[in-house]
Amino acid sequence: MAFLKESLIKYLIMKKVFTLILFLFFTGYILQAQNIQTPPASKKAEVAEWIGLSKVSVQYHRPGVKGREGNIFGGPVVPLDGSSPIPWRAGADENTVIYFEDDVTINGNPLPAGKYGFHILPTENEWTLIFSNNHHSWGSYFYNESEDALRLNVKPTTCDFMEWLAYDFINQTDNSVDVRMRWDKTQISFTVGSDVHAVTLAKMEKQLQGLDGFNPQSYAAAAQYCLGANKDLEKALFWSDRSMDLNFGGQKTFTTVSTRALVLDKLGRTTESDAAFDEALTLGTMQELHFFGRSYIQNEKPEKAMKVFKYNREKNPDDKFTTLVGLARGGMATGDFKSAAKHFRMAAENAPQGQATYYEDLAKQCENKMQAGG
């Protein structure tokens, strides 16, 4: 009897354990099933563009017109009543989020770097764009005016029909881009501006405080950037000197010395620039010297450019193309069109395939200037 009683107890325990396992299995299955993903009614999208080194992106959901053409704005979907009591989320479903990697301006108004919830208060003739510090809430349902970072007004315009709401980037320049939103037959846009040089300079300085600060090539690149931008030339000179500093693994190369010469030239420190210029000549290859001369043409120093081109020819007397082009460029820059035409024609005879006509045309231009008394 004791044996039967013990067996019955074990059976009842096992039955409870099995029942518990089944319960946990089906509970877990149900909970897991609740997380199964299905396609959203409004497409999820993201677009991005860089202004210099600064990323600008828009994350949003794309509602469709779906047969409501001409009845989106001013209809029940987006009433043109200022969206009382809450603004339109400028998309669908979750918050439309706009991200700026660095400080920007929006239609000339400053806005710090960060993520922003993007909302719109639309009326018939003018829309108020809102950049909210609250970017994490769902849609506009938790919108609070006190969290506004920036408001500005724009005028909507008509556009070609767009089935799915879309953001894109247009009218790009080196320092700005327009963010455009289109849906149905209506569009709005605003201009994002960036101080590209200031952003680049700040990022370079930060990099040079890290491991890049032990790499002389990083200093050389930073100096060349400022030289090309013609800004912060004192910093460029410091970085140029650092790129040649033996304590930082630097060395004198054509690149480092010529950069220093050009920076000093722009700073008006002629004596030091001339010394670096003469030293750079002795270090350059034929191609390096050619573009060194071209840089002085760009800096409107034609006599110095011609000095480089002549030195390059003397150093490479057997060359049949590059140094001849250099002498021709120098001749054009100094107004010696007879010499320029002669050397362009000589270079054309040995030009890379398909380029002879280009140099022949340059020769003709020089000859025409001669005939015109140029």
Please tell me if the side chains of F169 and V56 come closer than 4.5 Å, counting only heavy atoms from C-beta onward. yes
Is N95 reaching over with its side chain to a backbone N or O of V97, donor-acceptor style, under 3.5 angstrom? no
Is there a donor-acceptor contact under 3.5 Å from the side chain of D184 to the main chain of T186? no
Would you say the side chain of D361 lies within less than 4.5 Å of the side chain of F344, judging by non-hydrogen atoms? no
Assign the ring pair W183 / W88 to parallel, tilted or perpendicular, where the plane angle (0 to 90°) is split at 30° and 60°. parallel
Indicate, with yes or no, if the rings of Y359 and F321 have centres closer together than 6.0 Å. yes
Is a side-chain N or O of D245 found less than 3.5 angstrom from the main chain of N247, in a donor-acceptor match? yes
Whether H61 side chain and S42 backbone form a donor-acceptor pair below 3.5 Å: yes
Student check: side-chain heavy atoms of F118 and V58 closer than 4.5 Å: no
Would you say the side-chain atoms of S273 pair up with the backbone N or O of A261, donor to acceptor, closer than 3.5 Å? yes
Parallel, tilted or perpendicular, judged at 30° and 60°: which one describes the rings of F131 and F100? tilted
Step through it carefully: locate the ring centre of Y225, locate the ring centre of W239, and say whether they are under 6.0 Å apart. no
Any donor-acceptor pair under 3.5 Å linking the side chain of D103 with the backbone of A113? yes
Determine yes or no for a side-chain-to-main-chain donor-acceptor pair under 3.5 angstrom, with K252 supplying the side chain and E279 the backbone. no
Salt bridge between E69 and K185, side-chain N to carboxylate O under 4.0 Å? yes
So Q251 and T256, do their side chains get closer than 4.5 Å, heavy atoms only? no
Tell me if the centroids of the rings in Y296 and F277 come within less than 6.0 Å of each other. yes
Run the salt bridge (Lys or Arg N to Asp or Glu O under 4.0 Å) test on K206 and D212 for me, step by step, so that the C-alpha distance in whole Å, both residues' side-chain angles and the decisive distance to 0.1 Å come before the verdict. CA-CA 9 Å; K206 185 176 181 180; D212 283 320; over 6 Å; no
Go through the steps to decide whether R182 and D160 satisfy the test salt bridge (Lys or Arg N to Asp or Glu O under 4.0 Å), and finish with yes or no. CA-CA 9 Å; R182 292 175 293 165; D160 292 337; over 6 Å; no
Verify same cluster id: Y99, I130 (apolar side-chain graph, 4.5 Å): no
Would you please name every residue forming a side-chain hydrogen bond (donor to acceptor under 3.5 Å, both in side chains) with S137, sequence neighbours left out? N134
Taking the side chain as every heavy atom from C-beta outward, state whether T128 and L152 have any pair of such atoms under 4.5 Å apart. no
